[in-house]
Amino acid sequence: MDAAIDLSDATKALDLENIRFQLMRLEDTITFHLIERVQFPLNPTIYKPGGVQIPGSNLSLFDWMLREQESLQSLVRRYQSPDEYPFFPSALQAPILQPLHYPRILHPNDVDVNKDLKEKYIHIILPSACRQFGKEDRGETEENYGSAATCDVALLQALSRRIHFGKFVAESKFRQETDRFVGLIRAADTEGLHAAITNETVEKKLLERLKLKAKAYGTDPSNGLGGQGKIDVDAVVQMYKETVIPLTKLVEVEYLMQRLEGTSWKA
C-alpha cells in the first residue's frame with residue numbers, strides 16, 4: 001500500500017503532475033518486486049488449481065495466497081481506498097479500523113481489468129522474466145513455492161494499482177478538455193479516445209526511464225553497471241510495453257465510455 005498521492009483532496013488527486021509522480025513511484029515498487037520474484041524459478045505448479053494440495057480449497061497456491069492476503073488487508077481498510085481493486089471481492093471483510101471518508105474523485109464505474117491482468121501475469125510476464133538473460137527457465141524448486149507466491153502477490157497488487165490509476169489520468173484529462181471528450185464519448189469513438197489519451201513522447205520517456213531503473217536496481221553496486229544484473233532489463237521494459245501500458249489505456253478508454261452516465265451530457 002504505497003499511498004503517496006493525497007486521495008482526501010480531489011484537486012490534488014487529479015493533478016496530472018501528482019499522478020505522474022505516483023506512477024513513477026510505482027515503477028520503483030514494481031521493478032523491485034519483480035527483481036525479488038525472479039530470484040526463484042517460474043514454478044508453474046503454484047498457478048495450477050490442485051497443483052499444491054490445500055486443505056479445504058481447490059484453488060491454486062497462488063490464488064489461495066492472493067485471496068487470503070486480500071481478506072487480511074481488507075481488515076485494515078486497503079480496499080476502501082479508491083485506487084485499490086481486489087482480485088477476490090467476495091473474500092473482503094469489514095475493516096476493524098474506523099472508515100475513512102474520501103471525497104468522490106472518480107465518476108461511478110465498473111471498470112476492472114484484474115482478470116486480464118492476472119492471466120497476462122501468469123502466462124506472459126512471468127515466463128519472460130523468469131527465463132533471465134535468454135536462458136530457459138530454471139525448472140521448479142518445491143522449497144520455494146511459498147516464497148515465489150508471496151512475491152507474486154505483492155507484485156500483482158502493485159501492477160493492478162498502477163494500471164487502474166489510469167482512471168485518475170482519464171478523469172483529469174476529461175476535466176481539462178471536457179468538450180472534446182464529451183464529443184468523442186457521445187460518438188462512441190473509442191479510437192478517437194485512444195488517440196486523445198496517448199502521448200507517445202511520454203511513453204517513450206517512460207520506457208527509457210524504466211530501462212535505466214531496471215539496470216540500476218538490478219545491479220550490485222560493487223560490480224558497477226557493466227556487470228550482469230539480477231534481472232533481464234528487456235523483460236521489465238517488455239512487461240510495461242506489452243501489458244501495463246495497453247491495459248492502462250484500456251482502463252482509461254472504458255472509464256471514459258462510462259463517464260457521461262447519469263450526467264446532463266448523456267442526453
Side-chain angles (χ1 to χ4, degrees), residues 1-30 73-74 76-86 89 92 95 97-114 117 157-186 189-190 192-206 209-210 213 240 244-267:
M1 292 178 278
D2 275 308
I5 198 167
D6 185 0
L7 297 176
S8 66
D9 186 325
T11 301
K12 292 180 180 177
L14 292 175
D15 182 272
L16 273 179
E17 287 304 310
N18 288 339
I19 294 171
R20 289 190 181 113
F21 176 75
Q22 178 66 7
L23 296 182
M24 284 191 283
R25 288 190 74 246
L26 282 168
E27 289 170 17
D28 297 343
T29 300
I30 289 167
Q73 291 172 340
S74 68
V76 289
R77 296 188 299 227
R78 176 166 190 159
Y79 296 102
Q80 289 193 348
S81 178
D83 61 338
E84 296 282 2
Y85 294 82
L92 304 190
L97 301 179
Q98 290 297 311
L100 298 176
H101 300 287
Y102 293 100
R104 197 178 95 170
I105 300 172
L106 300 174
H107 192 73
N109 68 92
D110 60 5
V111 179
D112 186 331
V113 297
N114 273 343
L117 170 60
Q157 288 179 321
L159 285 167
S160 173
R161 187 162 180 253
R162 192 304 179 186
I163 288 166
H164 288 99
F165 243 101
K167 295 184 184 183
F168 291 82
V169 177
E171 179 66 23
S172 179
K173 290 182 176 180
F174 178 87
R175 295 191 185 193
Q176 287 181 357
E177 297 184 83
T178 302
D179 291 342
R180 178 189 184 190
F181 280 103
V182 167
L184 291 169
I185 297 166
R186 280 179 165 173
D189 186 355
T190 54
L193 286 172
H194 191 277
I197 62 172
T198 298
N199 187 323
E200 293 182 358
T201 300
V202 170
E203 288 181 18
K204 183 179 179 182
K205 288 182 178 179
L206 184 160
R209 182 174 66 243
L210 197 64
K213 286 182 176 182
Y240 259 73
V244 175
I245 292 175
L247 281 181
T248 302
K249 289 183 179 181
L250 177 62
V251 165
E252 292 184 34
V253 170
E254 291 193 355
Y255 172 83
L256 288 166
M257 287 301 295
Q258 297 183 27
R259 183 58 180 79
L260 304 189
E261 297 297 327
T263 72
S264 57
W265 290 304
K266 183 66 175 178

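All residue numbers refer to positions in the sequence shown, counting from 1. Below, each value reflects all heavy atoms present in this structure, side chains not excepted, and no hydrogens, waters or symmetry copies. The shown structure was predicted, so the numbers you read here are calculated from the model rather than taken from an experiment.
Looking at residues two or more places apart in sequence or on another chain, you find a side chain to side chain donor-acceptor pair (under 3.5 Å) between Glu171 and Arg175, Tyr255, Arg259. Under the rule for a side chain to side chain contact (heavy atoms under 4.5 Å, CB included), the partners of Pro89 that lie at least two apart in sequence or sit in another chain are Pro86. Not counting sequence neighbours, the partners of Glu27 by the side chain to side chain contact (heavy atoms under 4.5 Å, CB included) test are Met24, Leu206, Arg209, Leu210, Lys213, Tyr240. Applying the ring pair (Phe, Tyr, Trp, His ring centres under 6.0 Å) rule to Phe174 yields the partners Trp265; only residues at least two apart in sequence or on another chain are considered. Under the rule for a side chain to side chain donor-acceptor pair (under 3.5 Å), the partners of Gln157 that lie at least two apart in sequence or sit in another chain are Gln73, Arg78, Tyr79. Contacts of Glu17 classified as side chain to side chain contact (heavy atoms under 4.5 Å, CB included), with partners at least two apart in sequence or in another chain: Asp15, Arg20. The side chain to side chain contact (heavy atoms under 4.5 Å, CB included) check on Thr11 picks up Asp9, with sequence neighbours excluded. Every residue meeting the side chain to side chain donor-acceptor pair (under 3.5 Å) condition with Ser81, not counting sequence neighbours, appears here in chain and number order: Asp83. Taking Lys249 as the reference, Thr198, Glu203 meet the side chain to side chain donor-acceptor pair (under 3.5 Å) condition, with sequence neighbours excluded.
Inter-residue side-chain proximity for Phe21 and Leu23 is flagged as unmet; no heavy-atom pair is nearer than 4.5 Å. For the pair His164 and Thr248, the minimum side-chain heavy-atom distance is 4.5 Å or more. No side-chain heavy atom of Glu261 sits less than 4.5 Å from a side-chain heavy atom of Pro108. At least one side-chain heavy atom of Leu7 sits under 4.5 Å from a side-chain heavy atom of Phe168. Between Leu117 and Ile163, some side-chain heavy-atom pair lies under the 4.5 Å cut-off.
Note: Ile30 CD1 to Arg161 CZ = 10.0 Å, rounded to the nearest 0.5 Å. One distance of note links CG of Leu256 with NE2 of His194; it measures 12.0 Å at 0.5 Å rounding. Distance check: Tyr102 OH to Gln80 CD gives 7.5 Å after rounding to the nearest 0.5 Å. Taken from NZ in Lys12 to CD1 in Ile19, the straight-line distance is 14.0 Å, to the nearest 0.5 Å.
The two atoms that bring Gly166 and Glu252 nearest to each other are O-CG, 3.1 Å, heavy atoms only. Contact detail for Pro103 and Ala10: the closest heavy-atom pair is CG-N, 4.1 Å. The nearest pair of heavy atoms linking Ala13 to Ile105 is CB-CD1, 3.8 Å. Among all heavy-atom pairs drawn from Ala158 and Thr29, the shortest one is CB-CG2, 4.1 Å. Annotation for Thr263 and Leu260: closest pair OG1-O, 2.7 Å, computed over non-hydrogen atoms. Of all non-hydrogen atoms in Ile197 and Lys173, the two that sit nearest each other are O-NZ, 2.9 Å.
Using modelled atom types, one side-chain atom of Ser172 and one backbone atom of Leu14 make a donor-acceptor pair closer than 3.5 Å. Judged by distance alone, the side chain of Lys167 and the main-chain N or O of Asn109 form no donor-acceptor pair under 3.5 Å.
Contacts classified as salt bridge (charged side-chain N to carboxylate O under 4.0 Å, His left out) and involving residues 102-114 (residues at least two apart or in different chains) are not found.
Atom CG of Asp179 has 12 or fewer heavy atoms from other residues, nucleotides or ligands within 6.0 Å.
With respect to Val111, the side chain to side chain contact (heavy atoms under 4.5 Å, CB included) criterion is satisfied by exactly one of Leu106, Val251, Leu250, Val253: Val251.
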